[in-house]
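Working notes, beginning with the structure itself.
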Amino acid sequence: MCLGIPGEIIAARDENGLRVGSVKFAGITRQVCLQYVPEAGVGDFVVVHVGFAISKIDREEAERSYRILEDLGQTSELTDDNRARSKPS
C-alpha cells in the first residue's frame, strides 16, 4: 500500500528553480520536493508521498494521521531508519 506521511516543514529553499525543503517526520528529516504545495512554508504540515509534498494540512490533522499510521504499523520505516542512524559504526 502506498501512503502519504504527514511531516512538518522546517526549512524551504529554491534549488535550480525547484522548490524543496527539509521535512521532519517522527524525529528524522528528509529532503522533499515542495513544488506541488507553493502555499506551504516553514512551520506548516504537509502530506508527503515518495518524496513529494502533495497537500498542506493543519497540525491536528497531521497528528491524527500519524497516530493512525502508527496504529496500523506503517511508521516502522521511519523509526527503523532513526534507530539505524543512532547505532555506532
The reported gap from NZ in Lys24 to CD1 in Ile9 (rounded to nearest 0.5 angstrom) is 13.0 Å
Reported CD1-to-SG distance for the pair Ile54 and Cys33, which is rounded to 0.5 angstrom
12.0 Å
Let me have the donor-acceptor pairs involving side chains of residues 35-46, under 3.5 Å, with sequence neighbours excluded, atom names and distances please.
unit_1	atom_1	unit_2	atom_2	d
Gln35	OE1	Arg19	N	2.8
Asp44	OD2	Gly41	N	2.8

Mind listing the closest non-hydrogen atom pair of Thr29 and Ser22 along with its distance?
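What the structure gives for the nearest pair is CG2-CB, 3.7 Å.
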Under 4.5 Å between side-chain heavy atoms, hopping through other hydrophobics if needed: is there a path connecting Ile28 to Leu34?
yes
Which residues pass the salt bridge (charged side-chain N to carboxylate O under 4.0 Å, His left out) test with Glu61, sequence neighbours left out?
Arg64
Contacts of Glu15 meeting side-chain contact (heavy atoms from CB on, under 4.5 Å) (sequence neighbours excluded), chain-then-number -> Arg13, Val20
Does Val23 form a side chain to side chain contact (heavy atoms under 4.5 Å, CB included) with Arg30? I'd like the steps, not just the answer.
CA-CA 5 Å; Val23 177; Arg30 293 282 187 252; 5.7 Å; no
Mind checking whether Ile57 and Pro6 have side chains closer than 4.5 Å, heavy atoms only?
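Yes, close enough: below the 4.5 Å cut-off.
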